[in-house]
Visitor: 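This is the structure I want to talk about, given as C-alpha cells.
So you know, we letter chains A, B, ... as the sequences are listed, proteins then strands, and number each from 1. Note that these values count all heavy atoms, side chains included, but never hydrogens, waters or copies made by symmetry.
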Amino acid sequence: MHDIRWIRDDPEAFDAAMARRGVEPLSARVIEMDAKRREAQTEAQELQTRRNELSKRIGQLKSKGEDAQALMDEVAAGKDAQAAAEAAAKEAGDQVDELLSGIPNALDADVPDGADEDDNRELRAWGEPRQFDFDPKEHDDLGEALGLMDFERAAGMSGARFVILTGALARLERAIGDFMLDIQTQEFGYTEVSPPLLVRDHALFGTGQLPKFGDDLFKTDEGRWMIPTAEVPLTNMAAGEILDEEDLPLRYTARTPCFRSEAGASGKDTKGMIRQHQFTKVELVSIAHPDKSAEEHERMTECAEAILRRLELPYRTMVLCSGDTGFSARKTYDIEVWLPGQGRYREISSCSNCGDFQARRMKARYRPGEGQGKNKGTWFVHTLNGSGLAVGRTLIAVMENGQRKDGSIVLPQALQPYMNGREVLSPDA
RNA sequence: GGAGAGGUGGCUGAGUGGUCGAAAGCGGCGGUCUUGAAAACCGUUGAGGGUUCAUAGCCCUCCGGGGGUUCGAAUCCCUCCCUCUCCGCCA
C-alpha cells in the first residue's frame, strides 16, 4: 500500500514508478478521488463541530431544568446534510482504498528494467556444475527408480501436482528441513516459529496476496485460506503492533507446508516435483528498521546462499528485473540452483525487500527511541522475506547433483548427520 | 457443538448515557537530589485523520470490528471477530 501523501506530493514520480511496472498512470484518479474524500470529510467535520457544541449546550440547559427544544430542533435540521457529507466521504475513501490496495510496490532504483525472467541479471555464481560421464537423470526418474517417489498413487488420492515420498526420501526431506532450521536458528539468529497454516483474509491482505491474487490460493469452505508461504503468518506477527525501535530487527523462521493452486501454471513444469500444490519450505522473515532494510536484505540472501554452499550445490544469484518482481516487493533476489537433470538453473529461493509496503497494509509500526528529537510518533517498519530454502526443490537438487550412474545418490556431507550417518541412497534401501 | 463471562491507552486496570481520550498504578521521557547510579520526589507521556509552509495552533475520529438508538454513547441495542470458564467431543 502506498502513502497517499507521496502520490499527492509527487504524482509524476509515482506515475513514473508505476510505469516501470507497466501500470498505467493512476495519480490523477487517485488524487481526484482523494480530494473528493477530503472535501466531504472537512464538511462533515465542520458540521460535527457544530453539533458537538449544540449537544453540549443542550446538556447544560437540561441539567438546569431549562427548555432545550430550540437547540434540539437545530441539531435535527442539520442531520441530513451531515449524513450526506459523511456518506460521500466514506464512499470516496473506500474508492481510494480499493484502488490503492491493488497497486504494486514501487521498485528500488537499482532494479533493472526488463519484461520477464529473461531480463533478470546475474549478480554472482558459486560452484562449478559437475561434469558427468553419463547422462544425468531428472529427479523424478531417479526417485521412481529408487521406488521412493510415487506420483501415480499421489494423483490417485489427491490429483495432479502431488507426490508421495517414502522411506529414505521422506527421511531426506525431513533431514533437509532440520538442517536448514538448525543453521538459520543457531548460526544466523532467526527465531523458530510454528505458525498457523490457515489464515484469515486480512492476514493475506497484509502481505499482499489479497485482494488481487486469491485465485492462486486454496480456500476452506468456512472462509479461511491455506498459506501459500510462511511469509504470511511470520510477517503478520508484526501486524497491528507498535514495536520498540530497540527490538528491531525481529527475525523469524519456520518450516511449513505451502499450498498453491498454481492456477496460471497449467502445462508448466507438469513433470516431477518442481511445481506442486503442496511443498515444504523453510521461510525467513525480518521485521527491520527502515534505515537497515537494504542491509538486512543482503544479509538474508547470504543466509539462504550459505545453505547451498554447505550442501555443495552450485548456484547463481539473480536480481529480478522490473517485469519479474512480485507485487509486494521493491527488490528481489532469486537464488537459482543447478539441476544437472534439467541442465539448467532453477529458482530455489526468492528474497524480497518489501520496504514499508506490507507494513502499511498491516499497520506494523515502531516507536523511535530517544534522540529522535521532534520526530515523535510512530513509523512503519520494513518487512523482508526469503526462502531459506525451498525444501522440495533442495531435495531435487541433492538428488540430481549427487546421482551416480547406477541411480544411487551420494548425500552431501552436511546432511549425513541428519541421516543417521548415511552416505548414499541406493535402490536396495 | 451447548451454557456462561469478558474484550478500555506500551502494560495492568477503574469507569453503565453528558463536563471522559478516559481514574489509578506500571513502564517511558524530562527534571530535582547524587561524584555517578539506584531510591525518593516533581513534571510529562496514546493513535489515526482534516486544515496548514508547519513535526505551531485549531478541528474530527478512535474504549475489539461493523451497524443502530439518542440532542448526546466507552456506557443502551443488533451483528461479527476474539479471549476466558464449565460441559460435550477430540489429536
Visitor: Find the distance His202(A):NE2 to G66(B):P and express it as a whole number of Å.
Guide: 14 Å
Visitor: Is there a Watson-Crick or G-U wobble partner for G30(B) with both distances under 3.5 Å, and which nucleotide is it?
Guide: C42(B)
Visitor: For residues 94-101 of chain A, dump all side-chain donor-acceptor pairs below 3.5 Å to protein atoms at least two apart in sequence or in another chain.
Guide:
| unit_1 | atom_1 | unit_2 | atom_2 | d |
| --- | --- | --- | --- | --- |
| Asp94(A) | OD2 | Lys90(A) | NZ | 3.1 |
| Ser101(A) | OG | Asp97(A) | O | 3.1 |
| Ser101(A) | OG | Glu98(A) | O | 3.0 |

Visitor: Could you grab the distance from atom SG of Cys303(A) to atom CZ of Arg251(A), nearest 0.5 Å is fine?
Guide: 7.5 Å
Visitor: Check the angle between the aromatic planes of Trp6(A) and Phe14(A) and answer parallel, tilted or perpendicular using the 30° and 60° thresholds.
Guide: perpendicular
Visitor: Which part of the nucleic acid, if any, lies within contact of Arg50(A), taking any heavy atom under 4.0 Å across all strands shown: a base, the sugar-phosphate backbone alone, or nothing?
Guide: nothing
Visitor: What is the base-pairing partner of A74(B), counting Watson-Crick and G-U wobble geometry with both distances under 3.5 Å?
Guide: none
Visitor: Salt bridge or not between Asp9(A) and Arg5(A)? Use side-chain N to carboxylate O under 4.0 Å.
Guide: no
Visitor: Using the P atom as the reference point in each nucleotide, state the distance between U61(B) and U19(B) in Å, no decimals.
Guide: 13 Å
Visitor: Would you mind checking if Glu400(A) and Arg346(A) are paired as a salt bridge, meaning a charged N to carboxylate O distance below 4.0 Å?
Guide: no
Visitor: Nearest heavy-atom pair of Val75(A) and Ile58(A): which atoms, and what distance?
Guide: CG2-CD1, 4.2 Å
Visitor: Is there a Watson-Crick or G-U wobble partner for A56(B) with both distances under 3.5 Å, and if so, which one is it?
Guide: none
Visitor: With a 3.5 Å limit on both atom pairs, tell me what G88(B) is paired to, counting Watson-Crick and G-U wobble, or say none.
Guide: none
Visitor: For G64(B) versus U75(B), give the span between their P atoms, rounded off to a whole number of Å.
Guide: 8 Å
Visitor: Could you work out, with side-chain hydrogen bond (donor to acceptor under 3.5 Å, both in side chains) as the rule, every residue matching Glu43(A), not counting sequence neighbours?
Guide: none
Visitor: Say we look at U16(B) and C63(B): how far apart would their C1' atoms be, to the nearest angstrom?
Guide: 13 Å
Visitor: Where along residues 204-211 of chain A does a heavy atom come under 4.0 Å from RNA chain B, residue by residue in number order?
Guide: none
Visitor: For atom P, what is the distance between C78(B) and C26(B), given to the nearest Å?
Guide: 39 Å
Visitor: Rounding to a whole Å, what distance do you find between Leu198(A):CG and C81(B):C1'?
Guide: 17 Å
Visitor: Side-chain N or O of Arg51(A) versus OP1/OP2 of C60(B): is the shortest distance under 4.0 Å?
Guide: no
Visitor: Heavy atoms within less than 4.0 Å of RNA chain B: which residues of residues 79-92 of chain A have one? Give them sorted by number.
Guide: Lys79(A), Lys90(A)
Visitor: When rounded to the nearest 0.5 angstrom, what distance separates CZ in Phe151(A) from OG in Ser158(A)?
Guide: 13.0 Å
Visitor: Under 4.0 Å from OP1 or OP2 of G18(B): is there any side-chain N or O of Ser55(A) that close?
Guide: no
Visitor: With a sphere of 6.0 Å drawn around CD of Glu298(A), does it hold more than 12 non-hydrogen atoms of other residues, nucleotides or ligands?
Guide: yes
Visitor: If the P atom of G31(B) is compared with that of G15(B), how far apart are they to the nearest Å?
Guide: 37 Å
Visitor: Using heavy atoms and a sub-4.0 Å distance, could you list which residues of residues 38-48 of chain A are near RNA chain B? By number, please.
Guide: Arg38(A), Gln41(A), Thr42(A), Gln45(A), Gln48(A)
Visitor: Tell me the partner of G36(B), counting only Watson-Crick (N1-N3 plus N6-O4 or O6-N4) or G-U wobble (N1-O2 and O6-N3) with both under 3.5 Å; none if nothing fits.
Guide: none
Visitor: Is the shortest side-chain N/O distance from Arg367(A) to OP1 or OP2 of A47(B) below 4.0 Å?
Guide: yes
Visitor: Write down the partner of A47(B) under the Watson-Crick or G-U wobble criteria, each distance required to be under 3.5 Å.
Guide: U61(B)
Visitor: Between Glu74(A) and Arg50(A), is the closest basic N to carboxylate O distance under 4.0 Å?
Guide: yes
Visitor: Could you tell me the separation between the CG atom of Asp73(A) and the P atom of U70(B), rounded to a whole number of Å?
Guide: 15 Å
Visitor: Give Lys56(A) one of three labels, base, sugar-phosphate or nothing, depending on what nucleic acid heavy atoms sit under 4.0 Å from its own.
Guide: nothing
Visitor: If you assign Gly59(A) and Arg5(A) each to the RNA chain B nucleotide with the nearest heavy atom, which residue ends up on the more 5' nucleotide?
Guide: Gly59(A)
Visitor: Starting from P on C58(B), measure out to CD on Glu53(A) and report it in whole angstrom.
Guide: 14 Å
Visitor: Please state the C1' separation for the pair G67(B) and G10(B) - nearest whole angstrom.
Guide: 30 Å
Visitor: Which whole number of Å gives the distance between the C1' atom of C20(B) and that of A74(B)?
Guide: 8 Å
Visitor: Could you tell me whether Asp269(A) and Arg161(A) make a salt bridge, using a distance below 4.0 angstrom between a side-chain N and a carboxylate O?
Guide: no
Visitor: Using modelled atom types only, decide if a donor and an acceptor are shared between the side chain of Asp356(A) and the backbone of Phe380(A) within a distance under 3.5 Å.
Guide: no
Visitor: Distance check needed: U70(B) P versus Leu71(A) CG, whole Å only.
Guide: 18 Å
Visitor: Let's test this: given Watson-Crick or G-U wobble pairing with both distances under 3.5 Å, identify the partner of A5(B).
Guide: U83(B)
Visitor: So Leu54(A), base contact, sugar-phosphate only, or nothing? Heavy-atom distance under 4.0 Å.
Guide: nothing
Visitor: For RNA chain B, whose closest nucleotide is more 5', that of Val75(A) or that of Ile4(A)?
Guide: Ile4(A)
Visitor: Taking the side chain of Ile242(A) as its heavy atoms from C-beta onward, which of C71(B), G10(B), C59(B) lies nearest to it?
Guide: G10(B)
Visitor: Determine the Euclidean distance between corresponding P atoms of G65(B) and U51(B); express it in Å to zero decimal places.
Guide: 24 Å
Visitor: Scan every strand shown for a Watson-Crick or G-U wobble partner of C11(B), both distances under 3.5 Å, and answer none if you come up empty.
Guide: G25(B)
Visitor: Taking only side-chain nitrogens and oxygens of Arg8(A), does any of them come within less than 4.0 Å of OP1 or OP2 of G50(B)?
Guide: yes
Visitor: Asp97(A) has an atom CG; how far is it from atom C1' of G48(B), in whole Å?
Guide: 13 Å
Visitor: Does anything in residues 175-206 of chain A pair up under ring pair (Phe, Tyr, Trp, His ring centres under 6.0 Å), and if so which pairs, sequence neighbours excluded?
Guide: Phe179(A)-Tyr418(A)
Visitor: Counting N and O atoms only, with roles assigned by atom type, does the side chain of Thr220(A) sit under 3.5 Å from a partner on the main chain of Trp225(A), one being a donor and the other an acceptor?
Guide: no
Visitor: With rounding to the nearest 0.5 angstrom, report the CZ to NZ distance, Arg57(A) to Lys62(A).
Guide: 14.5 Å
Visitor: What is the separation between atom NZ on Lys62(A) and atom P on U70(B), rounded to the nearest whole Å?
Guide: 13 Å
Visitor: How long is the line joining CG of Asp9(A) and C1' of C53(B), in whole Å?
Guide: 12 Å
Visitor: Identify whether any heavy atom of Asn52(A) sits under 4.0 Å from a base atom; if not, whether one sits that close to sugar-phosphate; answer base, sugar-phosphate or nothing.
Guide: sugar-phosphate
Visitor: Is any side-chain nitrogen or oxygen of Arg365(A) closer than 4.0 Å to OP1 or OP2 of G48(B)?
Guide: yes
